[in-house]
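Values below: all heavy atoms of this structure, side chains included; hydrogens, waters and symmetry mates excluded. Here is the naming used below: chain letters follow the sequence lines, and residue numbers restart at 1 for every chain.
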Protein chains: 2
Amino acid sequence: MSSRVEHALQKLKATGIRMTPQRQAILTFLMESMTHPSADEIYRSLEPKFPNMSVATVYNNLKVFVEAGLVRELTYGDGASRFDADMSDHYHVTCEQCGTIVDFEHSPLSDIEREVEQHTGFVVKGHRMEFYGTCPDCMAKSSSVH
Amino acid sequence: MSSRVEHALQKLKATGIRMTPQRQAILTFLMESMTHPSADEIYRSLEPKFPNMSVATVYNNLKVFVEAGLVRELTYGDGASRFDADMSDHYHVTCEQCGTIVDFEHSPLSDIEREVEQHTGFVVKGHRMEFYGTCPDCMAKSSSVH
DNA sequence: TTGACTGCAAAGTGTTTGCACCTGT
DNA sequence: ACAGGTGCAAACACTTTGCAGTCAA
């Protein structure tokens, strides 16, 4: 298990949150995954290891993680929420064809946040930016259809 | 009725989409509204005028408008989608306390889109940015609680 | 030991769909 | 006339909740 996961587990323990095999498996899976999985994807991925685990447990734990500040919930137009255990500042690029979500590292645009504050009178705590388009794979596929 | 609404109705007609009182009312309400209402809010707002209209009709028509490029669907973490008939480039500022959504005019960040393309190989069609924080009203309320 | 967690099933939301009837063009 | 729209209810997908039994600390 990576030290990142261990660090997260420590953080949970410090908050008085109990450690269970399911909880640990869900968090580990999320932290080691690059694909921003949905609750159902997590559920199905862990099924071999936890055949009796219920979806409710996945949802319950995701909520615990989000509240503990370990995980971020991403909502898109389509169906289910996706979950991201990478809490560093980064944006997402989504393929409209196949649904792939890729990270894009970029320093946060704090200057534009200040602009928003000046124009709206809000106190801005953060922002979220999503790009959408077509991924290289889908581009290749559609261009090969002559 | 504003000329903006009339123009939109013309656009629909040109696409071969039939005009009905319900459809017209939903579109007019959306275009004259500043609050990015949800389907249910639209439904309830039009209830006095159309007591027999069903929610399905609201959803059906919103889908028609989105497909016709007249309306944009906004999804947030919480429950329902919200709909925005302002198709100009702008971003949204959401109050985490009361849920108010305010528009923020800003020239689109096309330079960062190009950056994304270079780093990810995607063809980027657009982006969406949401700011979140506290609105002036809620700030006043919380600071008055000594 | 005991409060927190799990699994299950049932309930809740928001949205879509199937179908008979109706209406705009 | 008739393709397309409406209203209604049932179906859906995702998520939450209630509860009895279980387990980590």
Between atom CG of B:D89 and atom CE of B:M129, what is the distance when rounded to the nearest 0.5 Å? 11.0 Å
Is the distance between the ring centroids of A:H127 and A:Y91 under 6.0 Å? yes
Could you tell me whether the side chain of A:E117 and the main chain of A:V124 form a donor-acceptor pair under 3.5 Å? yes
Under 3.5 Å, is there a donor on one side chain and an acceptor on the other for A:T57 and A:Q22? no
Does anyone know the first and last nucleotide of DNA chain D in reach of chain A, 5' to 3', at under 4.0 angstrom to a heavy atom? D:dC14 to D:dA25
In whole angstroms, how far is the P atom of C:dC5 from the NZ atom of A:K13? 14 Å
Is the distance between the ring centroids of A:H36 and A:H92 under 6.0 Å? yes
Determine whether the aromatic ring centres of B:H119 and A:F104 lie less than 6.0 Å apart. yes
Nearest 0.5 Å, please: how far is CD in A:E105 from OG in A:S88? 5.0 Å
Step by step, work out the side-chain hydrogen bond (donor to acceptor under 3.5 Å, both in side chains) result for A:D40 and A:S38. CA-CA 5 Å; A:D40 193 61; A:S38 65; 5.5 Å; no
Would B:R23 and B:T28 count as a side-chain hydrogen bond (donor to acceptor under 3.5 Å, both in side chains) if you check the C-alpha gap in whole Å, the side-chain angles of each, and the deciding distance to 0.1 Å? CA-CA 9 Å; B:R23 177 162 292 164; B:T28 304; over 6 Å; no
Nearest-Å distance, CZ (A:R18) to P (C:dA4)? 7 Å
Using a 4.0 Å cut-off on heavy atoms, which residues in residues 42-53 of chain B reach DNA chain C? List them by number, or say none. none
Return no unless some side-chain N or O of A:Q22 is found under 4.0 Å from OP1 or OP2 of C:dG7. yes
Quick one: pull up CG in A:L74 and OG1 in A:T94 and give me the separation to the nearest 0.5 Å. 8.5 Å
Under 3.5 Å between N/O atoms: give me all the protein pairs with nucleotides 13-16 of chain C, atom names plus distance.
{"from": "C:dT15", "atom 1": "OP1", "to": "B:S81", "atom 2": "N", "distance (Å)": "3.0"}
{"from": "C:dT15", "atom 1": "OP1", "to": "B:S81", "atom 2": "OG", "distance (Å)": "3.3"}
{"from": "C:dT15", "atom 1": "OP2", "to": "B:Y59", "atom 2": "OH", "distance (Å)": "2.3"}
{"from": "C:dT15", "atom 1": "O5'", "to": "B:Y59", "atom 2": "OH", "distance (Å)": "3.3"}

Nearest whole Å is fine: how far is C:dG24 P from B:R23 CZ? 12 Å
Nearest whole Å is fine: how far is C:dT23 P from B:Q24 CD? 16 Å
Within a 6.0 Å radius of atom NZ on B:K125, are there more than 12 heavy atoms belonging to other residues, nucleotides or ligands? yes
